[in-house]
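Each chain gets a letter, A, B and so on, in the order the sequences are listed, and its residues count up from 1. Small disclaimer: the values here were computed from a predicted structure and weren't measured. In what follows, every heavy atom counts, from backbone to side chain, and hydrogens, waters and symmetry copies are set aside.
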Amino acid sequence: MRTAYAADLATLPAGTPVTICGWVNRVRQHGEHLVFVDVRDHTGIVQCVLGKRDDLRPEYVVQISGEVFPRPEGTENPQIPTGSVEVRDAAVTILSEAEPIPFSLDDRIEVEEATRLRHRYLDLRRERMQRNLRLRAKINSAIRAAMEEQGFVEVETPLLWTPTPEGAREFYVPSRTQPGSFYSLPQSPQIAKQLLMVAGFDRYYQIARCLRDEDLRSDRQFEFTQLDMEASFIGQEDVHRFISNAMEKVVAAVFGGRKVEIGKITWREAMGSYGSDKPDRRFGHPLIDVTGVLAKTAVRALSAPHVAALVDPDPSSLSRARLDQLVERARALGAKGLLWIKVTGEGDGYSISSPVAKLLEPAEVEQLLKQTGAGDGDVILLVADEWERAVTTLGQIRLERGRHLADREELDLLWVVDFPLFEGLDEQGKPISAHHPFTMPNEEDLDLLETDPLSVRSQSYDLVLNGWELGSGSIRIHRADIQRRVFSALGIDEETADSRFGFLLDAFRYGAPPHGGFAFGIDRLAALLAGETNIREIIAYPKTQSGVDLMTRAPKRLDAATLAPLGITVQPARQG
RNA sequence: GGACCUGUGGUGCAGCUCGGAGUGCACGCCGGCCUGUCAAGCCGGAGGUCGCGGGUUCAAAUCCCGUCAGGUCCGCCA
């Protein structure tokens, strides 16, 4: 049926007979005797020349037979890879006709996303989507190769799993054989993979679908895909090595030999320098701790436990009105406010303007300039508050002020390590797990579990790429006594722990190896490597922000007769 | 649960501030012309519930209220 793909034709000798199959991309009709038909397959577009023919329309599926020849001198098209050749004396067989399509498939024409999603099968014909999904397939393949090479074995785990009430909201699936009972779809294969370690698989991986019933965002869908891995008898460094190797293979597959280096900073450094646990370092301008400089300041707004400073990344855009907006923005982000200091001139000749200029001692200003390195034309932004609030507020402002300056080609990969084990307290005053309750505390901090839980560091780590959290992992608790102490710190009593995770705790009684692992989001990775800012662009059939599939119109109502065997009745109010 | 942006022939947009006949542009579609084009060109034509509902007004795409849909973000995402 087919002897070549469009992209192959440029390399064939003149006169080679070929048969290609694909879609009519465009028809250029020059009267009775000359018609150009551009035929598209997934490899590209090739021009076919034929005589009288007026029944070909865009998106018809055709089979074309003819001979490949270089184009006549002066008619080459340097804009397409096959622009030096054409198929002559082409005989066309229409395999399938097509109605006019609802939107242009030309990548240069922006089409509203809802329209694209309604006819996703057409949208996926576009070169951009073909490129993106094929890139994603390459990433999957590189990941598999890297994991296999490192001795990992792929094991599938259930989609119909058991509810685990900790963590993200879950999807539930009604059971027909046990009416009134429900499975849950896994937020991640976390517990299943830990059990594989107990089972002695030593090194497990899976490209796993995970499901979380949380609100959707540009970087979040209900269902997403992770490289999920776990290994026994290893430490944090080993996990980092496994993942670095995989990442190197991925980047090599996508960009050729490009070098991958993954930096490493502690959570505390990330928060202190970037006000975020997923810093985007590409445009510099870290936050600077100037608490010491202002310890005795007369400026009351600056007397706080912590003062964070930022030299604005783009000061020429800071009009007076814009500065006022920044103050408002800081308040909206939860800080009490923001102070700015504008610097003019260098050396001894500098002067400053600021709402608090008169209250600042010259020595304080000098120290501020010295520590921040600010000079002529710079604007220093200051947020004073509790440490975490000060740095996260200014960190968010840093992003908003500087993100547009980041190099889009750069890949800034970063391990963030030494996360706290708990992140704050819930309404009952109990600590909340920062990662999940099976995360191993830092050995040095074990004794703080009972006395000062919030300062316990954990053996967990995130991988960050250009300010996006790609994934996270940890060394797990494999000892029952430590697990009991962590549950106790979390306020989970033995009975509750048993009813929720009994099967895991049981398993750990029969010889659990030390183990740990990692999982990273392939959707986000693929989007970043494809240069997309939205993961829907690398997913074949994504859902809208309200969780609807515009093509199938799912989710749909089911009638009472369908639901009855499941033991489910739907409230009438919810049916309207 | 909340904030903001968007909704106008099949597609993309302008028109909306400051109300006056569905007005305009580009693409696509249909017909005609055209022997080297390539986002072909030229001529002609068809195609509209201005998201939906209500209000104000002599008069609403335009102003007001509500609502629906799509997006971005906050909350949420162990």
Give a yes/no answer on whether the side chain of A:Arg26 brings an N or O atom under 4.0 Å of OP1 or OP2 in B:rA40. yes

Are the ring of A:His30 and the six-membered base ring of B:rA40 within the stacking cut-offs of under 5.5 Å and under 30°? yes

A:Leu105 CG to B:rG10 C1': how many Å, rounded? 13 Å

Does any donor atom in the side chain of A:Arg457 or A:Thr266 lie under 3.5 Å from an acceptor atom in the other side chain? no

Indicate whether OP1 or OP2 belonging to B:rA39 is found under 4.0 Å from a side-chain N or O atom of A:Gln79. yes

To the nearest angstrom, how far is A:His119 atom NE2 from B:rU11 atom P? 8 Å

Please measure how far the C1' atom in B:rU72 lies from the corresponding atom in B:rC27, and state the result in whole Å. 28 Å

Would you indicate what A:Glu110 reaches in the nucleic acid, counting non-hydrogen atoms under 4.0 angstrom: base, sugar-phosphate, or nothing? sugar-phosphate

Decide if the gap between the ring center of A:Phe283 and the ring center of A:His404 is smaller than 6.0 angstrom. no

Should A:Thr544 be listed as having a side-chain N or O under 4.0 Å from OP1 or OP2 of B:rG70? yes

Is any side-chain N or O of A:Arg28 closer than 4.0 Å to OP1 or OP2 of B:rU37? no

Could you tell me whether A:Glu76 atom CD has more than 12 heavy atoms of other residues or ligands within 6.0 Å of it? yes

Has A:Ser546 got a side-chain N or O lying under 4.0 Å from the OP1 or OP2 atom of B:rG70? yes

Any A:Arg217 side-chain N or O less than 4.0 Å from OP1/OP2 of B:rC74: yes

Rounded distance (Å) that lies between atom P of B:rG36 and atom CD of A:Gln29: 14 Å

Just name whichever nucleotide pairs with B:rC18, Watson-Crick or G-U, keeping both distances under 3.5 Å, else none. none

Looking at every strand, decide which applies to A:Arg88 at a 4.0 Å heavy-atom threshold: base, sugar-phosphate, or nothing. nothing

NA contact type, A:Ser104, heavy-atom cut-off 4.0 Å: base, sugar-phosphate, or nothing? nothing

Heavy atoms under 4.0 Å, any strand shown: does A:Gln396 hit a base, just sugar-phosphate, or nothing? nothing

Considering only B:rA39, B:rG36, B:rC29, which nucleotide approaches the side chain of A:Asp106 most closely? B:rA39

Identity of whatever pairs with B:rC38 - Watson-Crick or G-U, under 3.5 angstrom: none

Without decimals, in angstroms, what is the distance between A:Arg108 CZ and B:rC38 P? 12 Å

What distance, rounded to whole Å, do you find between the two P atoms, one in B:rC16 and one in B:rC64? 14 Å

Would you please confirm or rule out a distance under 4.0 Å between OP1 or OP2 of B:rC73 and any side-chain N or O of A:Ser218? yes

Closest approach to the side chain of A:Arg212, judged atom by atom: which nucleotide of B:rC77, B:rA39, B:rU35 is it? B:rC77

Given the C1' atoms of B:rA61 and B:rC50, what is the spacing between them in whole Å? 4 Å

What is the distance from CD of A:Glu214 to C1' of B:rG75, rounded to the nearest Å? 10 Å

Is A:Arg536 close enough to B:rU72 that one of its side-chain N or O atoms is under 4.0 Å from OP1 or OP2 there? yes

For atom CD of A:Gln545 and atom P of B:rG75, their distance in whole Å: 14 Å

Using Watson-Crick or G-U wobble geometry with both distances below 3.5 Å, tell me the partner of B:rA26, or none. B:rU11

Could A:Arg268 and A:Phe419 be counted as a cation-pi pair, given that NZ or CZ must be under 6.0 Å from the ring centre and within 45° of the axis? no

Considering only NZ, NE, NH1 and NH2 on the basic side and carboxylate oxygens on the acidic side, decide whether A:Asp219 and A:Arg524 come within less than 4.0 Å. yes

Give me the distance, rounded to whole Å, that separates B:rC5 from B:rG9 when you measure between the C1' atoms they each carry. 24 Å

Output the rounded distance in Å from CD (A:Glu112) to P (B:rG71). 10 Å

Whom does B:rC63 pair with, Watson-Crick or G-U wobble, provided both distances fall under 3.5 Å? B:rG55

Using a 4.0 Å heavy-atom cut-off across all strands, classify A:Arg118 as base, sugar-phosphate, or nothing. nothing

Looking only at the side chains, is there a donor atom on one of A:Thr439 and A:Gln459 sitting less than 3.5 Å from an acceptor on the other? no

Is any side-chain heavy atom of A:Arg322 closer than 4.5 Å to a side-chain heavy atom of A:Ser319? yes

Which of these nucleotides, B:rU35, B:rC29, B:rC76, is closest to any side-chain atom of A:Asp215? B:rC76

Using purine N1 to pyrimidine N3 plus N6-O4 or O6-N4 for Watson-Crick, or N1-O2 and O6-N3 for G-U wobble, each under 3.5 Å, what pairs with B:rG47? none

Tell me if the centroids of the rings in A:Phe171 and A:Trp161 come within less than 6.0 Å of each other. no

Going by modelled atom types, is there a donor-acceptor pair between the base of B:rG36 and the side chain of A:Glu86 at under 3.5 Å? yes

So A:Glu76, base contact, sugar-phosphate only, or nothing? Heavy-atom distance under 4.0 Å. base

Comparing A:Gln190 with A:Val49, nearest RNA chain B nucleotide closer to 5' gives the residue A:Val49

Across all strands, who's sitting opposite B:rA69 as a Watson-Crick or G-U wobble pair, both distances under 3.5 Å? B:rU6

Same-atom distance (C1') from B:rG53 to B:rA39, integer angstrom: 41 Å

Sub-4.5 Å side-chain heavy-atom contact between A:Val92 and A:Val37: no

Can a donor-acceptor pair under 3.5 Å be found between the side-chain atoms of A:Arg220 and the base atoms of B:rC77? yes

Between A:Val548 and A:Arg524, the residue closer to the 5' end of RNA chain B by nearest nucleotide is A:Val548

Spacing of the P atoms in B:rC74 and B:rU11 (rounded, Å): 31 Å

Taken to the nearest whole Å, CD/A:Glu59 to C1'/B:rC29 is 14 Å

Would you call A:Phe36 stacked on B:rU37, i.e. ring centres under 5.5 Å apart with the planes less than 30° off parallel? yes

Across the strands shown, which category fits A:Pro72 at heavy-atom distances under 4.0 angstrom: base, sugar-phosphate, nothing? base

Span that lies between the P atom of B:rC29 and that of B:rA3, in whole angstrom: 44 Å

For A:Asn534, which contact category applies under a 4.0 Å heavy-atom criterion: base, sugar-phosphate, or nothing? sugar-phosphate

Aromatic contact, A:His240 with A:Tyr461 (centres under 6.0 Å): yes

Can you tell me how far C1' in B:rC30 sits from the matching atom in B:rG71, rounded to whole Å? 35 Å

